[in-house]
2 protein chains.
Amino acid sequence: MTAEHTAPDAPAAAVQQQRRAPTLEAVAELAGVSRATVSRVVNDSERVSPEARDAVNAAIAELGYVPNRAARSLVTRRTDTIALIMHERSDTVFADPFFASMLRGVNHALTSTDLQLVLIQIQGDPQRDRALRYVGNGHVDGVLLISLHGDDELATSVSKAGVPLVMAGRLLTDDRVDSVDADNVGGARRAVRHLVTTGRREIATIAGPQDMSVGVDRLRGYTEEVQAAGLPGSADWIATGDFTEAGGRAAMERLLAAHPTLDAVFAASDLMALGALQALRAAGRRIPTDVAVVGFDDTALAPYADPPLTTIRQPVERLGEEMVHLLLRRINDGAGAGSGAGADPSAVVLPTELVIRSSA
Amino acid sequence: MTAEHTAPDAPAAAVQQQRRAPTLEAVAELAGVSRATVSRVVNDSERVSPEARDAVNAAIAELGYVPNRAARSLVTRRTDTIALIMHERSDTVFADPFFASMLRGVNHALTSTDLQLVLIQIQGDPQRDRALRYVGNGHVDGVLLISLHGDDELATSVSKAGVPLVMAGRLLTDDRVDSVDADNVGGARRAVRHLVTTGRREIATIAGPQDMSVGVDRLRGYTEEVQAAGLPGSADWIATGDFTEAGGRAAMERLLAAHPTLDAVFAASDLMALGALQALRAAGRRIPTDVAVVGFDDTALAPYADPPLTTIRQPVERLGEEMVHLLLRRINDGAGAGSGAGADPSAVVLPTELVIRSSA
DNA sequence: CTGAAAGCGCTAACAA
DNA sequence: TTGTTAGCGCTTTCAG
């Protein structure tokens, strides 16, 4: 135990070891205290004498000590790591600026902690299982779920595994999962109200997938507002798409066929609004004089629309931040809780904002 | 050592522990072998008898055993984790589809391994140091660097710390870092050649930042090709921007002022091409009949350009994959290497492709 | 081919 | 307030 670390009988082998990082032990020795004391200082809890603390901090600085996460994790059973899981069914998810902005927010919220973010992308069943196993076996302290296709299984599996979970958007079938979402219903209502206010009377909508809360909520906002205004809004005023440009284009074409005289469209996403614009242009309709288009700002692509699109802006970045905040709260709560089921779930809803762009 | 794990004198405390994940020990017991044997099977190396192997695998399946990464990492000194570090100076980096596609490629390449990806975003000096310390202290096996602003410091610091590193794009000042890049020079040449071939004689370029290899290389491609064709290409045919739409717009305005009769533009990025299009339109020039624009496909935003843009497409996703492949090779090489400095660095260059879009 | 034993670096009771 | 003592779950010589 007291022998030097330089093994005398292995002169050649020593060369290849990359100067091992200083350990708690080394710090303790240099500071003239025990490992336990150093540990206390590092985890800045407990009562430690000022002198001891200073000595330890000095030693840490001198050695450039950084705690070994693996060792710590092994005993604390915390990993200081959270996973961002995304279920990517379509090929376009990653290219979606929505994802990028959210990630940005997540990262931003994480910088004040010393948690790490691991990215897990699920593309198929085997990967799903692998991720589930990974997450379920204590490899992460919590999970952020971006389920772009409103898939319930993953969420319930994760939370069933007793791992703190926060998801973006609401689960359609189970409201017992913590979630953070933009005010999609309110935003959609505001969009449609704007159209009504500017004198439009035949307002159609291009709705998103109805197996996702975003899709459902934005359609609901449309329906509610259109009814409130006493305007038509039956099924043939609604065309569903899949949040892509192509989907928006196709939906717009169907709507034009059904209602050649329509004078406004609320699209449940920017990408779809872009598609709608193209279809309208192809049909020889002038925008926005002839037909007004309002999109829901999923994608930050609005600037590329020509003419400029009026949009409902959702604070995507803050969405990511709020997810982290909520998750951290759950992780800390959970530490003391008894069984797996947490307290009553919170559903944070962030406000949206109407952005009117001057039509050139 | 032989005592049961059920402590007889702690009846109440047991309730709140979350059913601990099965350990190697449990598997060994069930399979009737020793921990060492299980370990050998799990790391499927070594010579193990078929019977033992089968018994162990059965036990693993039955228990749903997953190795504890922390414990493993503690002894192997490998973390099975690689970091993707991005130096985000501008606010737009994250929203850049280039990043998204690359990330996608990285993730894809990673699925065949059991490595995890941690995302580190650097926004300021303190974070830079923190990341450096994190990476330098063996918390990751390797680093992927997306240095969107050609910052050398970070790369040299990381590689000086002896951590395997692969970066996207070339380092301007130091060619001793492994890198993966698209064929920017060749792509730019092809773009310009295309313009020449279609009869354009006054070809300007909107170049990217000259402190990044992408910016430098694409400009170089332009210059080389324009010279080869005997066309003008002096400094006043070149306007530099910062890879944004606004930058492209401003650059285009300058070029128009200097050369009102120009009949083609090669923009070093899609976003800048988009800006150029706007400026040209504002100036009353018809596109592409009047002025032809070719962009370099950084962003996958080409479809949103109207009229359609001819572009040089770079395989961004494959870029991410190749980075991972190269990094893995380095990580495995490094295991046996002597001192820190690796073998001669490789600079993988991926081909680009000319995509001609029919102008509506 | 297999098992026993010794830690990896750290935290967490428990004593002092 | 501090030090001592056990391990956390795993890999890895070293014997058998």
Side-chain angles (χ1 to χ4, degrees), chain A residues 1-3 5 7 9-10 13 17-18 20-29 31-56 59-60 63 65-80 114 137-139 335, chain B residues 1-3 5 7 9-10 13 17-18 20-29 31-56 59-60 63 65-80 114 137-139 335:
Chain A
M1 286 298 184
T2 49
H5 273 94
D9 42 332
Q17 74 183 18
Q18 295 230 55
R20 239 125 110 148
T23 70
L24 204 64
E25 175 110 39
V27 175
E29 197 169 350
V33 297
S34 74
R35 301 208 311 267
T37 301
V38 178
S39 178
R40 288 183 188 110
V41 173
V42 169
N43 299 289
D44 61 24
S45 53
E46 307 293 319
R47 285 77 42 109
V48 186
S49 71
E51 310 92 67
R53 183 179 305 281
D54 291 347
V56 169
I60 287 177
L63 264 37
Y65 169 77
V66 176
N68 179 318
R69 263 177 131 92
R72 172 182 284 175
S73 170
L74 189 54
V75 39
T76 60
R77 303 183 162 293
R78 289 193 50 163
T79 58
D80 291 332
D114 64 343
N137 274 67
H139 287 318
Chain B
M1 288 296 184
T2 50
H5 271 94
D9 41 332
Q17 74 184 20
Q18 295 230 53
R20 238 126 109 148
T23 70
L24 204 66
E25 174 110 39
V27 175
E29 197 168 350
V33 297
S34 73
R35 301 209 308 268
T37 300
V38 177
S39 179
R40 290 186 187 108
V41 173
V42 169
N43 299 291
D44 59 25
S45 54
E46 308 292 320
R47 285 75 44 106
V48 185
S49 72
E51 309 93 66
R53 182 179 306 280
D54 290 348
V56 169
I60 286 177
L63 262 37
Y65 168 78
V66 176
N68 178 318
R69 264 177 128 92
R72 171 181 286 175
S73 170
L74 189 54
V75 38
T76 59
R77 306 187 161 291
R78 290 193 48 163
T79 58
D80 290 333
D114 63 345
N137 275 67
H139 286 318

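Naming: A, B, ... by sequence-line order, numbering from 1 per chain. All heavy atoms count here, side chains included; hydrogens, waters and symmetry mates do not. Given the structure is predicted, the values throughout are model-derived calculations rather than measurements.
- Nucleotide D:dC8 holds its C1' atom 18 Å from the CZ atom of B:R69, rounded to whole Å.
- A straight line from CG of B:L74 to P of D:dG7 spans 17 Å, rounded to a whole angstrom.
- In this structure, OG in A:S73 is found 9.5 Å from CG in A:N68, a value given to the nearest 0.5 Å.
- Qualifying side chain to side chain contact (heavy atoms under 4.5 Å, CB included) partners for A:A55, counting only residues two or more places apart in sequence or in other chains: A:A31.
- Looking at residues two or more places apart in sequence or on another chain, you find a side chain to side chain donor-acceptor pair (under 3.5 Å) between A:T79 and A:D141.
- A:E29 meets the side chain to side chain contact (heavy atoms under 4.5 Å, CB included) test with no other residue; sequence neighbours excluded.
- If one axis is set at each end of the helix from C:dC1-D:dG16 to C:dA16-D:dT1 from five pairs, those axes are 30° apart, to 10°.
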**Request:** Take nucleotides 11-16 of chain C nucleotide by nucleotide from the 5' end and write B, S or -, depending on whether a protein heavy atom sits under 4.0 Å from the base, only from the sugar-phosphate, or from neither.
**Result:** BBB---

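- Among the protein residues, B:A52 comes within range of the sugar-phosphate backbone only, with heavy atoms under 4.0 Å from sugar or phosphate atoms but none that close to a base.
- If you measure from atom CZ of A:R78 to atom C1' of D:dG9, you get 19 Å, rounded to the nearest angstrom.
- Applying the side chain to side chain contact (heavy atoms under 4.5 Å, CB included) criterion to B:V66, with sequence neighbours excluded, gives A:R133, A:N137, A:H139.
- Computed from coordinates, the A:D80 CG to C:dG9 P distance equals 19 Å when rounded to whole Å.
- Per the geometry, CG belonging to B:D44 stands 15 Å off C1' belonging to D:dT11, to the nearest Å.
- For the pair A:N137 CG and D:dC10 C1', the interatomic distance rounds to 14 Å; values are reported in whole Å.
- Spacing between atom CD of B:E25 and atom C1' of C:dG3 amounts to 13 Å, rounded to whole angstrom units.
- For the atom pair CZ of A:R78 and CZ of A:R69, the computed distance is 10.5 Å after rounding to the nearest 0.5 Å.
- In this structure, B:R53 places its CZ atom 9 Å from P of C:dC1, rounding to the nearest Å.
- Contact annotation: B:S34 side-chain N/O to C:dA4 OP1/OP2 distance is not under 4.0 Å.
- Legend: residues meeting salt bridge (Lys or Arg N to Asp or Glu O under 4.0 Å) with B:R72, ordered by chain and number and at least two apart, are absent.
- In this view, A:T37 and A:S34 satisfy the side chain to side chain donor-acceptor pair (under 3.5 Å) rule, not counting sequence neighbours.
- Residue B:R20 places its side chain closer to D:dC8 than to any other of D:dT2, D:dC8, C:dT2.
- The side chain to side chain donor-acceptor pair (under 3.5 Å) check on B:T23 picks up nothing, with sequence neighbours excluded.
- Of the two residues near DNA chain C, A:T23 and B:V33, the one whose nearest nucleotide lies more 5' is B:V33.
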